[in-house]
Amino acid sequence: MAQLLSRSRASMLCRGMQSIPVFALARPSLSLCYQQRSQPKRWSSHSPLGLTTDPPRKKVTLGNLQSLYKKGEPITVMTAHDFPSAHVADAAGMDVVLVGDSLAMVALGMADTSEVTVDDMLLHCRSVARATRAAFTVGDLPMGSYEISPEQALETAIRFIKHGRVQSIKLEGGKEMAPTIAKITQAGIPVLAHVGLTPQRQNSLGGFRVQGKTSKSAMRVLEDALAVQEAGCFGMVLEAVPAEIASIITQKLSVPTIGIGAGNGCSGQVLVQVDMSGYFPPGRFIPKFVKQYGNVWAESLRAIESYRDEVKSRQYPAREHTYPIPREELEAFAKDVERL
Ligand SMILES: Nc1nc(=O)c2c([nH]1)NC[C@@H]1CN(c3ccc(C(=O)N[C@@H](CCC(=O)O)C(=O)O)cc3)CN21
Ligand SMILES: CC(C)C(=O)C(=O)O
Ligand SMILES: [Mg+2]
């Protein structure tokens, strides 16, 4: 990887950065992006943050996800709520990027997910869609936008496709949502179902509670899973159920289960990006199922503190961060100022 990076950097210099194979790198790093900041022509015009335009990467399709499932290869899913978080998830090779309504809590600071609106979701979906070159995109229908009738749900789903620019939608619920899932899939919109712990129903579940902890409750989750499969969903999130139950349910199905807090026997996994990357202050509660793979908060804190210190001590901006003016122009200007 290091070798690949340095070879690529060398070729960047040789060719005056005309055709940098950014996405030829397994994991193009952010630092690489920042190094190219002085070459604005490298980036497509539609984004100030710089989404590279070449070489094009193949978009993941439903068919690709199905063949991963058939091969028994785990499907990787990551949430994203804006352009940079989608960009990095896509660059890291996620199969699916989900614009989860968890963004209510992690990006908008709401106490739970019930407050977020369709319009809020659509703004975030569009920003994610712009950055997601390869991963298959899913938009999470927020509470209140699909429960009233299959017609209401289809209308909302169409808005997600048309205005959110995502490729599919997700909605929470089991048996009772089967007619709704059928209605949406029949309109040509792929549906990812979501059973087990359904956070939008936390008030009737008594909070964010593990589901399927008794034989009776586990049977309800299985029945929900079979019903949403029958209704035509292309897969389902299986949230917060005991690992053994999730394994058995997965084996009973012919569509993939995407587990979160459901153990290693699922067909894929999903985590909330800010949780797994550690982009939250120390001491914040995280669910038991989260593995923290990074410490983005600490890195961001360190960077901002360094900036603060360097501004206060006038170390920043240094010479290299300023624009030059020809000496004679400067002298002429100084004279003009004196005359003033
Ligand atoms: N940042 C974030 N990460 C998530 O995974 C997430 C959200 N937000 N918001 C929407 C839902 C809510 N989620 C949650 C939140 C809390 C627990 C939780 O407290 N679980 C307890 C188990 C309680 C029990 O034993 O029943 C735990 O200890 O992990 C679980 C899922 C998952 N989703
Ligand atoms: C955690 C995933 C499955 C989700 O629904 C969300 O992020 O909203
Ligand atoms: Mg959600």
Side-chain angles (χ1 to χ4, degrees), residues 75-82 85-86 89 94-118 120-121 124-125 128 137-147 156 160 164 166 168-173 177 191-214 217-218 221 228 233 235-243 245-246 256-263 266-281 283-293 296-297:
I75 298 167
T76 53
V77 187
M78 174 64 38
T79 72
H81 53 244
D82 59 11
S85 61
M94 285 294 112
D95 298 313
V96 179
V97 164
L98 165 69
V99 189
D101 63 342
S102 59
L103 75 81
M105 298 166 79
V106 300
L108 305 177
M110 296 167 177
D112 57 53
T113 58
S114 66
E115 205 177 324
V116 75
T117 67
V118 169
D120 295 335
M121 289 300 298
H124 288 270
C125 284
V128 165
T137 53
V138 185
D140 213 358
L141 302 194
M143 191 250 174
S145 71
Y146 63 96
E147 303 91 329
T156 306
F160 267 66
V166 287
S168 66
I169 63 94
K170 179 169 87 58
L171 55 82
E172 295 183 10
M177 295 312 298
V191 175
L192 184 63
H194 184 155
V195 301
L197 168 56
T198 46
Q200 292 174 11
R201 298 172 188 213
Q202 59 162 311
N203 294 319
S204 51
L205 297 178
F208 297 134
R209 284 275 136 77
V210 176
Q211 302 295 300
K213 273 170 87 166
T214 64
S217 160
V221 182
V228 296
C233 69
M236 68 193 74
V237 168
L238 194 47
E239 178 163 350
V241 288
I245 301 301
T257 57
I258 308 298
I260 173 165
C266 295
S267 327
Q269 297 292 329
V270 58
L271 279 178
V272 172
Q273 187 173 156
V274 296
D275 294 347
M276 55 74 61
S277 70
Y279 199 7
F280 54 83
R284 198 203 75 170
F285 170 83
I286 49 170
K288 176 181 161 73
F289 54 72
V290 172
K291 179 170 177 182
Q292 195 184 323
Y293 288 88
V296 173
W297 173 276

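Each ligand, and each atom within it, is numbered from 1 in the order the structure gives. The first residue in the sequence is number 1, and the count goes up from there.
When each of Asp101, Val116, Leu103 is paired with Met110, the side-chain contact (heavy atoms from CB on, under 4.5 Å) condition holds for Val116 and for no other.
By the 3.5 Å distance cut-off applied to N or O atoms, Asp140 is counted among the residues near ligand 2. Not one N or O of Glu239 is nearer than 3.5 Å to an N or O of ligand 2, by distance alone. For Asp275, a nitrogen or oxygen atom sits less than 3.5 Å from a nitrogen or oxygen atom of ligand 1, counting backbone and side chain alike.
Contacts with ligand 1 closer than 4.0 Å are made by side-chain heavy atoms of Met105 only, the backbone lying farther away. Proximity of Val210 to ligand 1, defined as any heavy-atom pair under 4.0 Å, is shared by backbone and side chain alike. At a 4.0 Å heavy-atom cut-off, ligand 1 does not touch Val274 at all. Neither the backbone nor the side chain of Leu103 comes within 4.0 Å of ligand 2, counting heavy atoms alone. At a heavy-atom distance under 4.0 Å, only side-chain atoms of Thr79, from C-beta outward, approach ligand 2. At a heavy-atom distance under 4.0 Å, no atom of Leu271 approaches ligand 2.
Taking every heavy atom of both residues into account, Ser145 and Val118 meet most closely at CB-CG2, 3.4 Å. In this structure, Ala262 and Ala246 approach most closely via the heavy-atom pair O-CB, 3.1 Å. Across Phe289 and Gly261, no two heavy atoms sit closer than the pair CB-CA, 3.3 Å. Between Ser85 and His81 the shortest heavy-atom distance is OG-N, 3.0 Å. Scanning all heavy atoms of the two residues, the minimum distance from Ala80 to Val97 falls at CB-CG1, 3.7 Å. Between Val270 and Met78, the shortest heavy-atom distance links the atoms CG2-N, 4.4 Å.
One distance of note links SG of Cys125 with CG of Asp82; it measures 12.0 Å at 0.5 Å rounding. The distance from atom CD1 of Ile245 to atom NZ of Lys213, rounded to the nearest 0.5 Å, is 12.0 Å. To the nearest 0.5 Å, atoms CH2 (Trp297) and CD (Gln292) are separated by 12.0 Å. We find the CD1-CG distance between Ile169 and Leu98 to be 11.0 Å, quoted to the nearest 0.5 Å. Taking CG from Asp275 and CE from Met105, the interatomic distance works out to 9.5 Å, rounded to the nearest 0.5 Å. Atoms CZ and NZ, from Phe160 and Lys170 in turn, are 10.5 Å apart once rounded to the nearest 0.5 Å.
Under the 4.5 Å side-chain criterion, counting only non-hydrogen atoms from C-beta, Pro199 is in contact with His194. Residues Val166 and Val128 are not in side-chain contact: their nearest non-hydrogen atoms beyond the backbone lie 4.5 Å or more apart. Using a 4.5 Å heavy-atom cutoff, the side chains of Val195 and Leu238 are in contact.
Of the protein's non-hydrogen atoms, the one nearest atom 1 (C) of ligand 2 is Ile260 CD1, 3.6 Å. In terms of protein heavy-atom proximity, atom 6 (C) of ligand 1 is closest to Val272 CG2, 4.1 Å. Ranking protein heavy atoms by distance to atom 2 (C) of ligand 2, first place goes to Leu98 CD2, 3.6 Å. Given atom 5 (O) of ligand 2, the protein heavy atom at minimum distance is Lys170 NZ, 3.0 Å. Protein heavy atom in closest approach to atom 8 (O) of ligand 2: Asp101 OD1, 2.7 Å. Nearest protein neighbour of atom 15 (C) of ligand 1, counting heavy atoms only, is Phe208 CD1, 3.4 Å.
Using a 4.0 Å cut-off to heavy atoms of Ser102, the atoms of ligand 1 that qualify are 7 (C), 9 (N). The contact set between ligand 2 and Gly100, taken as ligand atoms under 4.0 Å from a residue heavy atom, comprises 6 (C), 7 (O), 8 (O). When each atom of ligand 2 is checked for a heavy atom of His194 under 4.0 Å away, the hits are 5 (O). When each atom of ligand 1 is checked for a heavy atom of Phe289 under 4.0 Å away, the hits are 5 (O), 30 (C), 31 (C). Proximity to Val106 (heavy-atom distance under 4.0 Å) selects the following atoms of ligand 1: 1 (N). Below 4.0 Å from some heavy atom of Lys288 lie the following atoms of ligand 1, by number and element: 27 (C), 29 (O). Within ligand 1, counting atoms from 1 as listed, the ones closer than 4.0 Å to a heavy atom of Glu239 are 13 (N), 31 (C), 32 (C), 33 (N).
Taking the N/O/S atoms of Asp140 in turn, the shortest distance to the Mg ion (ligand 3) belongs to OD2. Residue-level check: among N/O/S atoms of Asp101, OD1 sits closest to the Mg ion (ligand 3).
Remark: distances from the non-hydrogen atoms of Glu172 to ligand 2 are all 4.0 Å or more.
Atom CE of Met143 sits in a sparse spot, with 12 or fewer heavy atoms from other residues, nucleotides or ligands closer than 6.0 Å.
Closest to atom 7 (O) of ligand 2 by heavy atom, among Gly196, Ser102, Ala80, Ala104, is Ser102. Nearest to atom 31 (C) of ligand 1 by heavy-atom distance, out of Leu197, Leu205, Leu103, Val270, is Leu197. The nearest non-hydrogen atom to atom 11 (C) of ligand 1, considering only Pro199, Gly261, Ala240, comes from Pro199.
Among the atoms of Glu172, none of the N, O or S atoms falls under 2.8 Å from the Mg ion (ligand 3).
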